[in-house]
Every structure is written in C-alpha cells, then in structure tokens.
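Below is one structure, written out as structure tokens; comments come after it.
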Amino acid sequence: MAKLKLTKNELKSQKDSLKMFQRYLPTLTLKKQQLQSEIRIIDEKAKSVRAQKKSLEEDFEKWISVFGEKDAFKPGMVTVKNIKKGWGNIAGVKIPVYEGADFGRGDYDLYSTPLWIDLAADRMEKALELDLQAEVLDEQVRLLSQELRTTTQRVNLFEKVKIPETKANIKKINVFLGDEQVAAVVRSKISKKKLERINEKEAEE
C-alpha cells in the first residue's frame, strides 16, 4: 500500500474516492439483494420441477404394473436428440433458459410390443423434459451464486475496508493540515514580533 501523502491534493483525491464508494455501494447492495431473491425463486422452481418428476415416475411405475408387462418398456426407447436453450439476463448475469427438447423413439416392433408402449414413451419424454428443465435451473442458480459471491465481496470491501479507510485518511490529512496552519500562524506571529523588535532597536539607535 502506497504511503498516504498529507497534502491538499491527496485530501481532494480521498474525498473523491469516498464519494465514488458511497455512490456505488447502494447499487451493489441492491444487486446483492436482487441476486439473493432470484436464487431463492429459481431454487424453489427447481425443487417443484423435481417433485413433479418424482410424482410422474411414481405414477408411471404404478401405471405400468397394472398391465403386468413392466419389462416390455425399455428406457432406451426414448432418447434426447437435441436440447433447445435460449439466453436470459438477471442482474447483468447471462443465464441459460430451457426452451424445450427434441426426442427420439427407439425402434420396436408394433406387433410384438404391448399397445400401451406409445403412451409409456410419452410419459417418459415428459419425465426427461422435467429433468432437463431442472438441470438448466440448477445452472442458473450456479451462475447467479457465483455472481452473488463476487458482489458480496465487493459490498464487504466497500463497507468494511474502503469507506472506513478513506474516512480515516481524510481525518488524518485534515488534522495534519490544521496543525500546519496553526504552526504557520504561530511562525508568522513570531516573525512579526522579531521584525518589530529589530525595527524598535533601529529606531533607538
């Protein structure tokens, strides 16, 4: 850290810095609060999506067991071919947005497989889609949490370090300059008295 200069120019520089810190701190604090709020909302949404998936899978298991041909449906009968993602922006953070997916159906013999296989495949697609949606929401939370950490560090830096440090520097410079001013006045008075004495002596001679 550079040594503090006890000058008027440095005083102005410190005051300008303090104004800047005090101007940006509310913006950073607001961003921190916005990120915290968004993370909570998205996290709740991800939990809701996963709960939907779990409920769907439980119903799916019961539904298949009714037909007594559980082994007829294979997970490989439905595959994800393409995930569609867009991009959004929250508090200046670029985040992925789930926009759907393309699914593929495995080859199976229509004559040898039960009639309900197509319905089962539709349900599997829905379960996979919920899973993909939850993964994108998790990625949103990860990116926003990363930004939140950085923003929180900046808020703490301004609040706990920069602003108190700059205020202390301003006080220190003001005290020094005040002392210098008093000393200058004293020196001036002493010089004036000396000059008066010299003039008095010269007048006496």
Side-chain angles (χ1 to χ4, degrees), residues 23-162:
R23 188 169 66 247
Y24 284 123
L25 182 58
T27 306
L28 286 169
T29 304
L30 190 66
K31 183 177 180 179
K32 178 185 171 181
Q33 291 167 351
Q34 187 185 354
L35 287 166
Q36 287 171 330
S37 175
E38 291 293 342
I39 287 168
R40 277 195 297 271
I41 292 166
I42 296 167
D43 200 41
E44 285 301 314
K45 193 174 178 182
K47 285 176 185 174
S48 173
V49 168
R50 287 201 164 90
Q52 286 178 57
K53 188 200 169 194
K54 188 180 178 184
S55 176
L56 187 71
E57 285 176 338
E58 286 171 356
D59 289 344
F60 185 66
E61 288 291 323
K62 291 173 190 173
W63 186 73
I64 289 181
S65 64
V66 170
F67 292 95
E69 297 168 297
K70 193 174 179 180
D71 295 336
F73 185 81
K74 310 289 182 189
M77 287 179 172
V78 177
T79 55
V80 180
K81 294 178 93 175
N82 179 46
I83 302 168
K84 299 170 188 173
K85 288 182 188 176
W87 295 96
N89 191 301
I90 293 177
V93 183
K94 190 179 178 185
I95 56 165
V97 178
Y98 180 74
E99 293 182 345
D102 296 321
F103 297 95
R105 297 284 176 95
D107 293 330
Y108 49 86
D109 191 339
L110 294 173
Y111 296 102
S112 63
T113 51
L115 294 172
W116 54 264
I117 284 291
D118 286 336
L119 290 172
D122 289 342
R123 291 196 175 208
M124 179 58 78
E125 274 187 18
K126 181 62 180 170
L128 284 170
E129 189 156 34
L130 288 168
D131 213 23
L132 293 169
Q133 195 176 338
E135 283 178 11
V136 173
L137 290 169
D138 286 346
E139 179 64 9
Q140 289 180 3
V141 169
R142 188 189 70 79
L143 291 168
L144 291 173
S145 295
Q146 193 175 319
E147 185 67 18
L148 176 60
R149 278 193 298 275
T150 303
T151 304
T152 301
Q153 284 170 354
R154 284 184 184 143
V155 168
N156 290 339
L157 179 68
F158 278 31
E159 272 185 346
K160 297 173 184 177
V161 180
K162 291 294 182 184

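Position 1 is the first residue of the sequence; numbering continues from there.
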Are side-chain heavy atoms of Leu130 and Gln133 found at a separation under 4.5 Å?
-> yes
Does a salt bridge link Glu57 with Lys54, judged by any charged N lying under 4.0 Å from a carboxylate O?
-> no
So do the side chains of Val80 and Phe103 get within less than 4.5 Å of each other, counting heavy atoms only?
-> yes
Could you check if a side-chain atom of Thr151 sits within less than 4.5 angstrom of a side-chain atom of Gln36, using non-hydrogen atoms only?
-> no
Hey, what do you get for OG1 (Thr150) to CG (Leu28), rounding to the nearest 0.5 Å?
-> 11.0 Å
Are side-chain heavy atoms of Tyr98 and Leu137 found at a separation under 4.5 Å?
-> no
Only pairs at least two apart or in different chains count here, so list each salt bridge (Lys or Arg N to Asp or Glu O under 4.0 Å) that has a residue in residues 29-42.
-> Lys31-Glu147
Below 4.5 Å, heavy atoms only, C-beta onward: do Ile95 and Asn89 meet side chain to side chain?
-> no
Quick one: are Val93 and Gln140 in side-chain contact, heavy atoms under 4.5 Å?
-> no
Stepwise, does the salt bridge (Lys or Arg N to Asp or Glu O under 4.0 Å) test hold for Lys126 with Glu129?
-> CA-CA 5 Å; Lys126 181 62 180 170; Glu129 189 156 34; 5.0 Å; no
Side-chain touch Leu157/Gln153, heavy atoms, less than 4.5 angstrom | no
So do Arg123 and Asp59 actually touch side chain to side chain, heavy atoms under 4.5 Å?
-> yes
